[in-house]
Amino acid sequence: MCGPDGYRHYMLKEIHEQPRVVADALGTMINSATGRPALPNFPELKRASRLLMAACGTSYYAALTGKYLFEKLARLPVEVELASEFRYREPVLVPGRTALFISQSGETADTLAALRLCREAGLSLLSIVNVTDSSMARESHAILPTLAGPEIGVASTKVFTAQLTILSALALALASHRGFITEREEARLTRVLGETPAAMAAILADAGSIKALARDLVAPAKSAIFLGRGPSFPIALEGALKLKETSYIHAEGYAAGEFKHGPMALVDETMPIIALAPSDSLFPKIASNLAEINALGGRTIFIGDAAGLARVSGLAGHILLPETDPFTIPLVYSLPVQLLAYHAAVARGADVDQPRHLTKSVTAE
Ligand code: F6R
């Protein structure tokens with residue numbers, strides 16, 4: 001299929017739309033009069049002492065990222081649930097609590113069933129949806145639209161980063177409302193968030209090395225591992241999902257600290273181990289994971305900034321990103337993993353926009 005606007009595939013077009021999509025999503029969350037992130041018109045969220053999030057697939061990884069953001073910034077405890085497990089687990093649901101559902105389509109059968117279960121149990125429902133006239137949008141008490149426009153590629157890209165943007169701004173608004181950050185820090189983080197589209201545009205403008213690395217080091221592999229720590233961990237999971245669904249390379253995402261507890265036995269000289277290693281407080285930890293894997297003869301690929309790259313050695317390859325504030329690492333580091341998956345899939349001749357066995361919206365179990 002030939003995508004519009006001169007892009008070879010819709011997936012690539014949608015990856016390139018992200019600077020605009022993120023800016024638009026942010027625009028919906030910032031009060032134009034005050035310039036501050038605003039809470040939605042949903043008083044239950046202001047009162048919430050804990051939050052339940054449920055979703056599937058890529059939207060689930062957005063929810064997992066949201067947990068890191070909400071707990072760190074707003075000190076709000078979050079439970080994240082795979083909707084498909086949640087609905088059948090006979091979960092303990094407390095009336096009056098608040099639940100947040102995340103979905104591109106707003107029609108995913110398991111997420112919708114989870115939402116209905118919560119509704120029947122008397123919870124207050126907020127949804128982050130891309131399709132604003134979807135079933136989930138209609139059946140929620142309030143929605144936060146991602147407004148990313150139609151997503152044609154089956155593999156979600158631009159809606160994922162739009163979801164992350166909404167969650168990031170919401171975490172900030174909640175952090176201020178709950179008194180866990182100063183107005184000054186809120187202003188700084190709002191500025192950092194506002195700078196993300198430009199950082200993304202810079203990565204997209206200079207993505208030739210990612211393409212070459214995907215072709216030479218990832219596309220020939222049978223299997224790949226993505227490692228991350230902290231808020232990079234859900235992005236590692238998302239990178240593995242993107243790679244497996246578009247290129248059909250078996251891939252797994254791991255919390256880097258968990259890697260020693262079994263998966264380390266997989267290390268050999270053929271399998272790429274792709275580490276998301278931003279220069280945040282956890283950098284020394286992931287650098288030591290990399291050193292250990294290298295010592296075992298592993299084939300490591302580093303995704304991080306120049307300062308981090310200078311502190312590691314023995315790599316098979318690297319992707320260099322701009323120095324990124326810890327707050328926006330999930331957003332910025334989503335791009336290289338999407339591009340890696342896309343270019344590896346193209347190099348293998350896969351049908352990138354319509355991977356085998358998949359549909360865009362999973363409306364049946
Ligand atoms: C993967 C992907 C899927 C969806 C999942 C949930 O690239 O797109 O994992 O994220 O099927 O779909 P929504 O967000 O429509 O509920």
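Atoms within a ligand are numbered from 1 in the order they appear, just like the ligands themselves. Atoms considered below: every heavy atom in the structure, side chains included; atoms not considered: hydrogens, waters and symmetry mates.
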Could you check [atom] against the protein and tell me its nearest heavy-atom contact, residue, atom and distance included?
atom: atom 15 (O) of ligand 1; value: Ser105 OG, 2.7 Å
atom: atom 16 (O) of ligand 1; value: Thr108 OG1, 2.5 Å
atom: atom 2 (C) of ligand 1; value: Thr58 OG1, 3.7 Å
atom: atom 11 (O) of ligand 1; value: Val362 CG2, 4.0 Å

Hey, which atoms in ligand 1 end up nearer than 4.0 Å to a heavy atom of [X]?
X: Ser59; value: 10 (O), 13 (P), 14 (O)
X: Lys242; value: 1 (C), 7 (O)
X: Glu245; value: 1 (C), 7 (O)

Got a salt bridge between [X] and [Y], using NZ or NE/NH1/NH2 to carboxylate O under 4.0 Å?
X: Glu79; Y: Arg97; result: no
X: Arg89; Y: Glu85; result: no
X: Glu17; Y: Lys13; result: yes
X: Lys158; Y: Glu151; result: no

Part of Glu107 with heavy atoms under 4.0 Å of ligand 1, whether side chain, backbone, both or neither: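 The answer is neither.
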
Ring geometry between His16 and Tyr7 (parallel below 30°, tilted from 30 to 60°, perpendicular above 60°):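 Correct class here is tilted.
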
Option passing side-chain contact (heavy atoms from CB on, under 4.5 Å) with Met264 (candidates Ile273, Leu296, Asn289): Leu296

Sub-4.0 Å heavy-atom contact, Val154 with ligand 1: yes

Tell me whether [X] has any N or O atom under 3.5 angstrom from an N or O of ligand 1.
X: Ser103; value: yes
X: Ser156; value: yes
X: Lys360; value: no

Residues that Ser279 engages under side-chain hydrogen bond (donor to acceptor under 3.5 Å, both in side chains), provided they are two or more places apart: Asp305

Nearest heavy-atom neighbours spanning Val129 and Ser134: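 Scanning both residues, the minimum pair turns out to be CG1-OG, 4.2 Å.
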
Backbone of Ala74 reached by a side-chain donor or acceptor of Arg178 within 3.5 Å: yes

Option with minimal heavy-atom separation from atom 6 (C) of ligand 1, where the choices are Cys56, Gly57, Ala83: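 Result: the heavy atom closest to atom 6 (C) of ligand 1 is in Cys56.
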
